[in-house]
Structure formats: structure tokens, C-alpha cells
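Take a look at the structure below.
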Amino acid sequence: MNSYLDTHIVDRQLKNKSSFRQALMNSFTMAFRGLLKIKRTPEQLFDVTLQPIIFTLMFTYIFGGAIAGDVKSYLPVIIPGILVQTVISTSVVTGVQLREDMDKGVFDRFKSLPIARIAPLAGALMADTIRYTIATILTFVMGYIMGYHPEGGLSSIIIAGILVVVCAWAVSWIFAFFGVIARTASSVQGISMLVLFPLTFLSNAFVPANTMPNWLQWFVNINPISHLVTAVRDLTNSGTVGVDMTISLIGAAVIVAIFAPITVRAYMRRV
Amino acid sequence: MKTVDTNSEWAVDASGLVKTFGENRAVDGVNLRVKAGTIYGVLGPNGAGKTTTIRMLATLLKADAGSARIFGYDIAKDPQIVRQLIGVTGQYASVDESLSATENLIIFSRLLGLSRKEARVKAEELLEEFGLTEAAKRPLKHFSGGMRRRLDLAASLIARPPLIFLDEPTTGLDPRTRNQMWDTIRKLVKSGSTVLLTTQYLQEADELADRVAVIDRGRVVAEGTVDELKQSVGSSSLHVSIQNADQIGAAKELVERILNVQAAVSAEGRKITVPLADADAVSDLLLALRKEGIQSAELSIQKPTLDEVFLTITGKGAKKEVES
């Protein structure tokens, strides 16, 4: 019966650094863990399933008549806006869940294993792209049901969807940072909302910026969220790739370049 | 690439480890040396610094001062190598609550570089070994404390590390499960592993450990084999309760004179506890008490407990430490 324990310990090869390949493999395994957790507790998908449905319905019928004259002509404006707003705010959950996860005993084991230090973080963030994908698909489906038939065609919609998921992943590093440094999960939620609300509402997501005061227009125009919304509108409504898409991707890259290292460092310090 | 010489004499060689949390010096200059292939017990009450010490040795926590080597590798300079040599089983199960036992083991195996197929085989082997096959697919939420500990230990053994840290492996387990755990630990050492375990129970150290360090307030206050420790405590201890609290001073003096060791008075000031090397001396003591007119309310002789080890070594009871 004790076959396993009877085998003797063999001498082993030791390395002090984990390779890039190992980091990637470890991160994929951690992402796999994230997916398993979603499978085990599907109720954590409530926010990404209900929010796109409710928000799309609500904002379209509240603002539609006032802003665009009627609901149908508001759809090309609001659907990209709602999409960006919903998916980006979904990325807050990444930070909250990371905090909860890090407080559990299993994180001690991850830290004591000879794996790439970044893997538990990167894996968690990777697994969350599945959440963004669900929110993206549902928003487009809701729009379609309400009569949104964008000119750009299916391929442009898919590219737009991928763009939003990539940017949301980048933004989630910000919330992951809060998740690592905060003491409780609810404080992560609090700080993140403080960042998220100005960012999503002080943009062109819901209304055209030209009726706002000048100082606000200035902010709206430099807000990366506005560029992402415009990029999605260009793609879905006319199938064109504009300068806004480049700006969005550069913005995403900058966020990752800043927040990935400081998040990992803060995470390591807590180790 | 380096290889480990698991025959190197010291599995753990720590000196002057310090960890401070705010004002509290949780670990205050701990020295430990654990010979490879042995079981080493770290004995102490709650809050003595046992867990913090283990967490530093396992690279989970950075030491504020001091250094430690695991099989010759420095925990600060070569942490990634150290992690390849150790397995850690925490006081609170370090497994994923929301996943099943199999899923846990597969994920840890994959992280350790096993292929998908190898990971599945390894998980099955370990579940079989630890008697968890039937519960393999159930989520851990429904696991008993003992099952969780077993799974936790199984997860520590995936890579067969030469050194295993067990933080209070049997706290909260029923006697049967505890004995199973002890058997497993003995088997581990027989197959060449080194085990460093913490415990609150002298009996556990007695059953398992080759050597023991007694730790109190972040310091090692005694070190040696279990027999050596017990000799320092006396084989048993004597408790005398005095009826009249006013006479406690005189009674203590008398006890110390006749038994020739230091005695301690309990907090409420009526009970004297003293290590007892020679049971014959008790009758002398009773006669002397009668002669001095000191009435005893209760008298008992107890086998040594952690309390007595503490009493002798630190001059105060272990229980008081737990409360403070």
C-alpha cells in the first residue's frame, strides 16, 4: 500500500532562475485553475451576464430619445460605449478576487513552489479574459436583438471585441495592483470604483462630447476610454481602422508596462 | 545547473533568525540545526514564533536578520533552489477549497513541470496512498479536517522534496487520524526525507522527534533529544495546593529546600508546582509540611507536560503565555 512513500528520494537538478518558457507554462496552469474555479462556481459569472443585458436595455431606452432622437439611431453610439464601459468595469473583479484568493492558504503553497513568481498573477488575469469575452458577446447580442445591425460586418465586430478584451486585460493590471496592495477585498472594490467612474463616464461612451464645457472636453479627449470607444465605433459602424485603435493599443501597452512590474513587485514584497 | 547532495549533513542550518511585526519580535534570534534524515520537533505554545520560523525557512517570509541554509543553499540568495528542496504543509490547509482533491493535485503537479498524463497518474497515486480515492472528485468544502490535512501533505510530496516542513500537523485531529499522520511521517523519514515539524504537544515530539527545540517568545530556550529535555524537567511533577494562602511563601520555601529545585506558584497563589525527580522525597515533604503547620488541600503527581518543560526552562507556565 505504501508504494509511493517507499520510493527513495533521488538527486535532482537545481536551477535558481525560472525560464520564460516555464513562466508561460506556469501561467497557463494558473489560468487553467481560474477556469476550473469558474466552472465550479458559475454564480461568479452573474455580473458579466446580467450587467450587459440590464445596462444595454436601461441606457438605450433612457438616453436614446433625448440624445439621438430615437432609440434606433442611438444604438450605433451606445452599443460601443456600453461595451467598453461594461467590459472595463468587469475588470475590477479581477482585483477583488485576487485579494480574496491571496488571503487563502493555497497561495502559501504557490509561493513555496519553485514556479515563476509572476504565474499566480498572470494566470488569474489570463483566466479573466473569459469573463470579458462573455460580456462582449452578450452586449453585441443584446444590441442585435434591439435592432443594432452595424455596417462593419461580423469580422469587424470580432476585431472590435478582441480589441476591447485586450484593453480590459491591460486595465485589469491596475485593479490587480490595488488587489495586491489593499488589505481587504471590499477596499479594493472601493478604490477601483473611484478610478473607474470618472474614467468611464467622463468619456464619449454615452453622449457626444461636443455639448460639454471646454475643460471637460479636454479631459474627455485625452481619456483613453474615449479613444477605445471611438475605435470600436469606427470598426463596427464603418469597418475602418483609425488612429484611435493605435492610441488604444499604445495606451494598453503603457498600462501593462507600468502596472505589471509594480504589481509583481508589490506581490513579491507581500510574499 | 546544480545538484543537491542530500547526504550533506545539515538539512537546515539557521542562525540568528529575526522577524519583527511592528513592535512584536515574533522571532528573536532563532538558531536551528537539523541533521539530514531525521525528524526535528519545534515545541512551543501558541504565539511562540514556531510558524513564523517555518515560514522564513520555507521562503514565504523574509527574515529581518540572520541567515539560514537549506542543504547548504541560502534562503535569501537561492530561494528558488530552496523551493525545489522543500515541501510545506501549513497549519491551515494550503489547498484550493473550491476545487476537488484530484484537481488540486493535478494543478500542483502541472506547476511542478509534470505533463498532463504524468500529473493525472501522480494524483491517483497520491490519493491512493493517503486513502482519499473515494473522495477524489468531491469539492474540498465537504472534507473533514483530517482529510484536508492528508491532502495537504500529499500535495507537499508531489516532487518528493528531501525536506518537509509540517506546521502543527496533528492539531485538531482525532486520535486515530493523528496516529495515521504519525505513521506517514515516520515512513517519510524512512524513505530518506528530513522532517521539521512544529507542535504544541510534548507527547508528539516524544513519539516522533529525534531532537527537539523548545521555543518561547521567539527564542530557542532549550535544545536536545527528548530524553535530555525530560531529564531536565524531572520525570514527573508535583502539585501541592495550600489551604491557607498566607502560608504560600513558607510552603514554597519548604518545598524548594526539601526537593532542592525551584518551585513556581500559580496565579491565584494557592498552588505550588515543582519538578519531581525522586518520588520518595514526597513523604519527606508531607512530614515537613505537617511539622510547620501548613495544611495542604490537594496533592497530585503528574507526568511531565509541555507546561512543566516550560516551567523548568523558563521559570513560568506555558499557559500564561497563551493568554497574554
Side-chain angles (χ1 to χ4, degrees), chain A residues 1-19 21-44 97 100-117 119-120 123 127 268-271, chain B residues 1-6 55 58-62 73 77-100 103-104 106-108 110-113 125-126 128-131 139 152 154-157 159-162 165 184 187-188 190-193:
Chain A
M1 175 204 160
N2 299 315
S3 57
Y4 190 76
L5 291 181
D6 287 341
T7 55
H8 275 250
I9 287 165
V10 286
D11 281 356
R12 56 201 63 208
Q13 300 276 299
L14 301 169
K15 300 174 289 177
N16 199 22
K17 283 263 179 298
S18 38
S19 63
R21 194 179 161 273
Q22 196 203 346
L24 208 63
M25 293 300 291
N26 291 161
S27 302
F28 276 128
T29 304
M30 291 303 291
F32 170 67
R33 166 178 175 266
L35 293 183
L36 272 180
K37 280 174 81 99
I38 291 177
K39 202 179 104 188
R40 288 279 171 177
T41 45
E43 60 270 23
Q44 58 168 301
Q97 285 187 344
E100 286 173 352
D101 223 19
M102 281 174 64
D103 290 335
K104 287 182 187 143
V106 69
F107 252 71
D108 269 356
R109 182 169 303 285
F110 293 142
K111 286 182 223 156
S112 75
L113 291 176
I115 58 172
R117 302 285 94 188
M268 300 287 275
R269 204 167 312 139
R270 285 193 82 109
V271 169
Chain B
M1 292 274 199
K2 304 163 186 177
T3 56
V4 61
D5 175 15
T6 41
R55 288 178 64 88
T59 76
L60 295 174
L61 207 61
K62 281 202 179 73
Y73 291 102
K77 290 195 199 95
D78 298 317
Q80 200 70 344
I81 288 187
V82 169
R83 288 178 196 123
Q84 288 160 63
L85 298 172
I86 59 167
V88 191
T89 297
Q91 202 168 332
Y92 306 102
S94 29
V95 285
D96 216 320
E97 293 286 312
S98 48
L99 304 182
S100 73
E103 286 166 343
N104 264 294
I106 285 180
I107 283 171
F108 297 137
R110 294 281 289 152
L111 285 172
L112 287 164
E125 268 177 27
L126 282 165
E128 170 86 41
E129 170 71 42
F130 285 87
D152 208 4
S156 302
L157 300 181
R160 296 295 279 121
F165 294 110
T184 310
K187 254 178 243 152
L188 275 174
K190 214 182 274 171
S191 71
S193 296

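Chain naming here is simple, since letters A, B, ... match the order of the sequence lines and numbering starts at 1 in each. Note that the structure is a prediction, hence the values are computed from the model and not measured. For the numbers below, each heavy atom of this structure counts, side chains included, while hydrogens, waters and symmetry mates do not.
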### Task
Taking B/Arg160 for its side chain and B/Ser193 for its backbone only, find out whether a donor-acceptor pair lies under 3.5 Å.
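Answer holds: no.
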### Query
Is the backbone N or O of B/Asp96 less than 3.5 Å from a side-chain atom of B/Asn104, with the two atoms forming a donor-acceptor pair by type?
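Confirmed, B/Asn104 side chain pairs with B/Asp96 backbone.
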Segment of [X] engaging chain B (4.5 angstrom heavy-atom cut-off):
X        : answer
A/Ala119 : neither
A/Phe107 : neither
A/Lys37  : both

### Task
Apply side chain to side chain contact (heavy atoms under 4.5 Å, CB included) to A/Lys111 and B/Thr59, showing your working.
CA-CA 8 Å; A/Lys111 286 182 223 156; B/Thr59 76; over 6 Å; no
### Message
For chain A, which candidate among B/Ala58, B/Ser94, B/Gly87 shows the most heavy-atom pairs at distances under 4.5 Å?
### Response
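Heavy-atom pair counts peak at B/Ser94.
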### Message
Under a 4.5 Å cutoff for heavy-atom pairs, which residue among B/Leu111, B/Ile107, B/Ile86, B/Asp152 has the most contacts with chain A?
### Response
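If we count pairs closer than 4.5 Å to chain A, B/Leu111 comes out on top.
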#### Entry: For B/Ser156, side-chain hydrogen bond (donor to acceptor under 3.5 Å, both in side chains) partners two or more places apart
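Listed in chain order: A/Arg109, B/Thr89.
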### Query
Looking at A/Met25, A/Arg33, A/Lys39, which has the largest count of heavy-atom pairs under 4.5 Å with chain B?
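Between A/Met25, A/Arg33, A/Lys39, the count favours A/Arg33.
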### Query
Given side chains that start at C-beta, do those of A/Met102 and A/Pro120 come closer than 4.5 Å, heavy atoms only?
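A/Met102 vs A/Pro120: side chains apart.
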